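All values reported here derive from a predicted model rather than from experimental measurement.
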Amino acid sequence: MKRTLTLSLLLVFLSVLLASTTSAKPASDFLGTLYTMAGIMFSIGMGIICAINLEKVKNIKFYKAIKTNILQVRNIYLYYFATISVGYLAYQLAPEFELAITIQGVAITFRLSLLVALLTVLSIVYFTLNFLAIQKLNFQITEKSNQ
C-alpha cells in the first residue's frame with residue numbers, strides 16, 4: 001500500500017508540474033470517458049477477484065500467500081476506484097478548479113482536471129495489468145491442481 005500511496009503522490013507532483021508548465025486542461029467529455037473506462041475495468045477486475053476459487057489449492061503455505069496477494073490487490077482496486085470516484089465527483093462540482101501560487105517568482109499551479117485525468121489513466125493501467133495477472137494466476141492454479 002505504501003507503493004500505491006507513493007505513486008499517487010508522484011502523480012500529484014506530476015500534475016502540478018504539467019499544470020505549471022502547460023495550459024493543458026482535459027475536456028469534460030474526455031474525463032467522463034476515462035472514468036467510464038475505469039469503472040468497466042474495475043468491475044471486470046473485481047469480478048475476477050471475487051470468482052477466484054482457492055479450494056483446489058491444498059498447500060497451506062501457497063494458499064495463505066495467494067489469499068494475501070488477492071486481498072491486497074482487492075484493497076488497491078478499491079483504493080484506486082474510490083480515489084478516482086472522489087476526484088471525478090470533485091471535478092463535476094468544480095470543473096474549473098485551479099489553484100495558483102507564486103513562490104520566489106516561480107508560478108506553481110494545481111489543476112484538478114489534470115490530476116483526475118492522470119489518476120484515472122493510472123487506475124486503468126493498474127486494473128488492466130492486475131486483471132491479466134489474476135487471470136494468469138487462475139490458470140496456474142488450475143494447471144497445478146490438474147497435475
Side-chain angles (χ1 to χ4, degrees), residues 1-100 108-147:
M1 194 61 159
K2 278 186 180 179
R3 187 174 76 156
T4 304
L5 292 173
T6 302
L7 191 54
S8 296
L9 289 174
L10 183 62
L11 276 182
V12 170
F13 175 76
L14 180 60
S15 75
V16 168
L17 183 65
L18 285 173
S20 297
T21 58
T22 70
S23 61
K25 283 187 180 183
S28 180
D29 291 347
F30 178 71
L31 289 177
T33 301
L34 279 179
Y35 185 72
T36 300
M37 288 174 55
I40 292 167
M41 296 306 296
F42 171 77
S43 297
I44 291 169
M46 286 301 284
I48 290 173
I49 289 169
C50 293
I52 289 180
N53 185 357
L54 296 179
E55 286 179 11
K56 298 176 185 177
V57 180
K58 301 300 179 198
N59 184 314
I60 298 299
K61 181 180 172 185
F62 288 137
Y63 173 83
K64 287 181 179 179
I66 292 169
K67 180 182 171 189
T68 299
N69 286 337
I70 289 171
L71 292 175
Q72 182 181 22
V73 168
R74 181 205 61 194
N75 292 342
I76 295 172
Y77 260 65
L78 291 169
Y79 165 81
Y80 275 127
F81 193 68
T83 301
I84 63 173
S85 293
V86 168
Y88 186 69
L89 289 173
Y91 169 77
Q92 290 297 310
L93 293 172
E96 298 298 320
F97 182 80
E98 189 172 298
L99 179 65
I108 299 172
T109 305
F110 170 80
R111 195 169 297 130
L112 181 61
S113 61
L114 205 48
L115 176 62
V116 171
L118 290 174
L119 280 173
T120 306
V121 168
L122 170 69
S123 298
I124 291 169
V125 169
Y126 178 82
F127 295 154
T128 303
L129 292 176
N130 279 284
F131 165 77
L132 296 172
I134 291 167
Q135 192 175 40
K136 181 180 175 183
L137 173 66
N138 230 349
F139 290 143
Q140 289 174 338
I141 290 169
T142 302
E143 289 169 4
K144 291 284 185 188
S145 66
N146 288 337
Q147 288 178 353

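Residue pairs meeting the salt bridge (Lys or Arg N to Asp or Glu O under 4.0 Å) criterion with at least one member in residues 76-88, sequence neighbours excluded, do not occur. Residue pairs that meet the salt bridge (Lys or Arg N to Asp or Glu O under 4.0 Å) test with at least one member in residues 111-125, sequence neighbours left out, are E98-R111. Contacts classified as side-chain hydrogen bond (donor to acceptor under 3.5 Å, both in side chains) and involving residues 37-48 (residues at least two apart or in different chains) are not found.
Residue S113 comes nearest to Y91 through the heavy atom pair CB-CE1, 3.6 Å, listed as atom of the first residue, atom of the second, then distance. Across K58 and E55, no two heavy atoms sit closer than the pair NZ-O, 3.1 Å.
For A90, the side-chain contact (heavy atoms from CB on, under 4.5 Å) criterion is met by L112, not counting sequence neighbours. For L54, the side-chain contact (heavy atoms from CB on, under 4.5 Å) partners two or more places apart in sequence, or in a different chain, are I52, V57, Y63, I66, K67, I70, I141. A search for side-chain contact (heavy atoms from CB on, under 4.5 Å) contacts involving S20 returns V16, I108, T109, not counting sequence neighbours. Applying the side-chain hydrogen bond (donor to acceptor under 3.5 Å, both in side chains) rule to Y79 yields the partners S8; only residues at least two apart in sequence or on another chain are considered. When the salt bridge (charged side-chain N to carboxylate O under 4.0 Å, His left out) test is applied to E96, the partners found at least two apart in sequence or on another chain are K25. Partners of Y88 under the side-chain hydrogen bond (donor to acceptor under 3.5 Å, both in side chains) rule, at least two apart in sequence or in another chain, are Q92.
One finds the CG atom of L10 at 10.0 Å from the OG atom of S15 (value rounded to the nearest 0.5 Å). For the atom pair CG (L78) and OG1 (T83), the distance works out to 10.5 Å, reported to the nearest 0.5 Å. Of the inter-residue distances, the one linking L18 atom CG with L115 atom CG reads 11.0 Å to the nearest 0.5 angstrom.
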Which donor-acceptor pairs under 3.5 Å do the side chains of residues 116-137 make with protein atoms, sequence neighbours left out?
| from | atom 1 | to | atom 2 | distance (Å) |
| --- | --- | --- | --- | --- |
| T120 | OG1 | V116 | O | 2.6 |
| S123 | OG | L119 | O | 2.9 |
| T128 | OG1 | I124 | O | 2.8 |
| N130 | ND2 | Y126 | O | 3.1 |

Side-chain donor-acceptor pairs under 3.5 Å in residues 26-35, sequence neighbours left out?
| from | atom 1 | to | atom 2 | distance (Å) |
| --- | --- | --- | --- | --- |
| T33 | OG1 | D29 | O | 2.9 |
| Y35 | OH | S85 | OG | 2.7 |

Inset, instruction - Give the C-alpha distance, both sets of side-chain angles, the deciding distance and a yes or no for side-chain contact (heavy atoms from CB on, under 4.5 Å) between R74 and L71. - result: CA-CA 5 Å; R74 181 205 61 194; L71 292 175; 3.5 Å; yes

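For the pair I40/M37, no side-chain contact is recorded, criterion being any heavy-atom separation below 4.5 Å from C-beta on.
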